[in-house]
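In what follows, every heavy atom counts, from backbone to side chain, and hydrogens, waters and symmetry copies are set aside. In the text below, chain A, chain B and the rest are named by the order of the sequence lines, each starting its count at 1.
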Amino acid sequence: MEQGAIDLSALPSGFDLQSTLESGQSYLWWREDGEDFGDTTQYGGDAWYLTTARVDGEPVVVRVRQRDDRLDWEATVDAESLLTRRLRLGDDLDAIRATAPDDELVEQAYEAYWGMRLVNDPPFGSLISFICSAQMRVSRIHEMQQSLREAFGTPVEFDDSTYHAYPTPEQLAAASETELRDLSLGYRAPYVQRSAELVTEGTPIDVRDLPYEEAREALTEFVGVGEKVADCILLFSLGYDEAVPLDTWIRGTIEEYYPDCDRGNYTETSRAIREALGGEYAGYTQTYLFHFLRNGGGDNLGE
DNA sequence: TGCCAGGCGGATT
DNA sequence: AATCCGCATGGC
């Protein structure tokens with residue numbers, strides 16, 4: 001086992017591991033203490049979080065914990081650069097926040113969860129987990145990814161225990177719809193199987209060479225990926241920080257706080273809210289709003 | 001019980 | 001292009 005510690009005080013901005021991992025952005029991490037990622041975040045403690053990744057094609061397990069200005073990690077390989085990338089430790093939050101609108105809701109959201117970063121998930125896990133996210137609660141989306149790992153993922157020995165890597169496209173393409181339905185994936189089961197198969201057949205997930213709206217359109221090639229899920233993949237995996245997924249929460253936010261941005265259809269509403277949230281990092285700000293509102297924030301901003 | 005959860009695919013108009 | 005409908009599962 002390799003281990004190390006990252007000095008968070010040396011970063012451009014403060015960091016909050018729990019907010020980053022429990023804000024409904026990534027479903028590819030779990031808590032070692034077995035606590036669910038609830039539908040509202042219970043703060044406190046310094047839990048270990050685990051995830052898996054592929055390094056040079058080989059599955060690896062990584063475990064991290066935050067203690068004040070230190071991020072302790074233990075892994076099957078040297079994980080420092082992987083964590084720096086996956087958790088976007090180098091982001092300059094002050095510069096990002098400076099692009100956001102100067103309104104009370106945004107102010108409160110950034111204040112409440114300062115240190116939260118966007119995640120940078122691996123593309124295939126991002127694709128599958130957000131296909132699973134359709135009409136589903138945050139806590140159950142996590143459970144589904146656990147089930148997929150345990151049922152189809154390659155076993156990895158780490159610290160005297162056996163873990164399972166997130167399945168590869170080949171492993172999920174080979175799954176049957178029945179097997180996937182048995183994991184309580186419901187009507188998403190054939191979407192997961194077919195999209196995994198499309199990946200093995202060469203349909204690209206990494207569309208980063210395309211401009212934002214074309215990239216979103218390209219991802220809808222996958223089954224179970226509409227505009228909203230495509231935006232999540234672009235934002236949480238492919239580095240399109242301007243992407244604002246229009247889910248039920250952000251639609252409600254638009255209705256209540258930015259009613260002029262409701263243009264009736266996805267494309268135009270997306271453009272309007274993206275502009276209202278400052279453009280380049282609109283998705284970053286959206287993620288703060290999503291986490292803040294989902295945890296009951298904003299109730300004091302009476303109309 | 002009925003409604004909702006980070007919606008999508010397919011058919012219809 | 002817009003709208004309607006069915007779709008699994010579980011929590012409240």
Side-chain angles (χ1 to χ4, degrees), chain A residues 19-29 36-41 109 113 116 118-119 121 125-148 151 175-198 213 216-237 240 243-256 262-271 273-274 277 282-298:
Chain A
S19 291
T20 301
L21 296 183
E22 298 200 30
S23 48
Q25 306 180 54
S26 175
Y27 302 99
L28 305 180
W29 293 80
D36 291 336
F37 288 22
D39 291 310
T40 58
T41 305
Y113 297 108
M116 182 175 74
L118 281 181
V119 296
D121 277 349
S126 185
L127 169 71
I128 297 301
S129 59
F130 279 101
I131 287 173
C132 291
S133 77
Q135 286 296 102
M136 195 45 60
R137 253 162 239 206
V138 164
S139 56
R140 286 210 58 237
I141 304 166
H142 276 102
E143 292 170 8
M144 290 179 183
Q145 308 319 303
Q146 295 273 37
S147 300
L148 287 173
S176 71
E177 179 179 333
T178 303
E179 288 178 293
L180 292 168
R181 282 186 186 268
D182 287 346
L183 301 180
S184 297
L185 265 62
Y187 61 84
R188 304 156 197 79
Y191 301 165
V192 166
Q193 190 280 330
R194 182 57 189 145
S195 285
E197 195 167 56
L198 284 168
E213 288 189 350
R216 188 176 66 198
E217 179 65 23
L219 286 180
T220 62
E221 178 82 4
F222 291 101
V223 183
V225 179
E227 291 169 301
K228 184 269 170 186
V229 166
D231 267 329
C232 287
I233 300 166
L234 293 176
L235 181 62
F236 302 131
S237 178
Y240 289 82
V244 178
L246 299 184
D247 58 54
T248 52
W249 280 93
I250 201 69
R251 285 179 185 277
T253 305
I254 289 170
E255 185 179 349
E256 187 168 355
D262 183 359
R263 305 295 165 85
N265 65 69
Y266 196 100
T267 299
E268 295 301 327
T269 302
S270 170
R271 287 177 181 164
I273 191 66
R274 190 160 68 252
L277 295 183
Y284 226 115
T285 296
Q286 176 274 160
T287 301
Y288 271 88
L289 293 181
F290 177 84
H291 189 47
F292 180 63
L293 293 166
R294 211 171 60 93
N295 278 284

Q.
Applying salt bridge (Lys or Arg N to Asp or Glu O under 4.0 Å) as the test, list every pair that has at least one member in residues 216-225 of chain A; sequence neighbours left out.
A. A/R216-A/D231
Q.
In this structure, how many angstroms lie between the P atom of C/dA1 and the CD atom of A/E268, rounded?
A. 12 Å
(Q) Using a 4.0 Å heavy-atom cut-off, does A/F130 contact any base of the nucleic acid, only the sugar-phosphate backbone, or nothing at all? (A) nothing
Q: For A/E227 and C/dA1, give me the distance from atom CD to atom P, rounded to whole Å.
A: 11 Å
Q. Say you pick atom P in C/dA8 and the same atom in B/dA11; how far apart are they, in whole Å?
A. 16 Å
Q: Using the test salt bridge (Lys or Arg N to Asp or Glu O under 4.0 Å), find all partners of A/D121 that sit at least two apart in sequence or belong to another chain.
A: none
Q. Atom CD1 of A/I141 to atom P of B/dC8: distance rounded to whole Å?
A. 12 Å
Q. Expressed as a whole number of Å, how far does the C1' atom of C/dG10 sit from that of B/dG9?
A. 23 Å
(Q) I'd like to check A/S184 versus A/E143 (side-chain heavy atoms, cut-off strictly below 4.5 Å). Are they in contact? (A) no
Q.
Go nucleotide by nucleotide along DNA chain B from the 5' end; which of A/F290 and A/V223 gets its closest nucleotide reached first?
A. A/F290
Q.
In this structure, how many angstroms lie between the C1' atom of B/dG9 and the CD atom of A/E221, rounded?
A. 14 Å
Q: Assign each of A/V225 and A/S133 to its nearest nucleotide of DNA chain B by heavy atoms, then name whichever residue's nucleotide is nearer the 5' end.
A: A/S133
Q: Could you pull out all residues at least two apart from A/E268 that satisfy salt bridge (Lys or Arg N to Asp or Glu O under 4.0 Å)?
A: A/R271
Q) Within the structure shown, what part of the strands sits under 4.0 Å from A/Q286 by heavy-atom distance: base, sugar-phosphate, or nothing? A) base
Q | A/E177, CD: over 12 other non-hydrogen atoms inside 6.0 angstrom | A | yes
Q: Would you mind reading off the distance between A/R294 atom CZ and B/dC4 atom P, rounded to a whole angstrom?
A: 18 Å
Q) So what does A/Y266 hit on the nucleic acid, given a heavy-atom distance under 4.0 Å: a base, only sugar-phosphate, or nothing? A) nothing
**Q.** Atom-pair distance (CG on A/N265; P on B/dC8), nearest Å
**A.** 15 Å
(Q) Taking salt bridge (Lys or Arg N to Asp or Glu O under 4.0 Å) as the definition, give me every residue that meets it alongside A/E197, ordered by chain and number, with sequence neighbours left out. (A) A/R194
Q.
When the P atoms of C/dC5 and B/dC3 are compared, how many Å lie between them, rounded to an integer?
A. 15 Å
Q: Could you tell me whether A/G24 contacts a base, only the sugar-phosphate backbone, or nothing, with contacts defined as non-hydrogen atoms closer than 4.0 Å?
A: base
Q) With sequence neighbours excluded, what pairs up with A/T41 under the side chain to side chain donor-acceptor pair (under 3.5 Å) test? A) none
Q | Interatomic distance where CH2 belongs to A/W249 and P belongs to B/dC4 [whole Å] | A | 13 Å
Q) For nucleotides 3-12 of chain C, read 5' to 3', which letter fits each nucleotide if B means a protein heavy atom sits under 4.0 Å from the base, S means only the sugar-phosphate is that close, and - means neither? A) ----BBBBB-
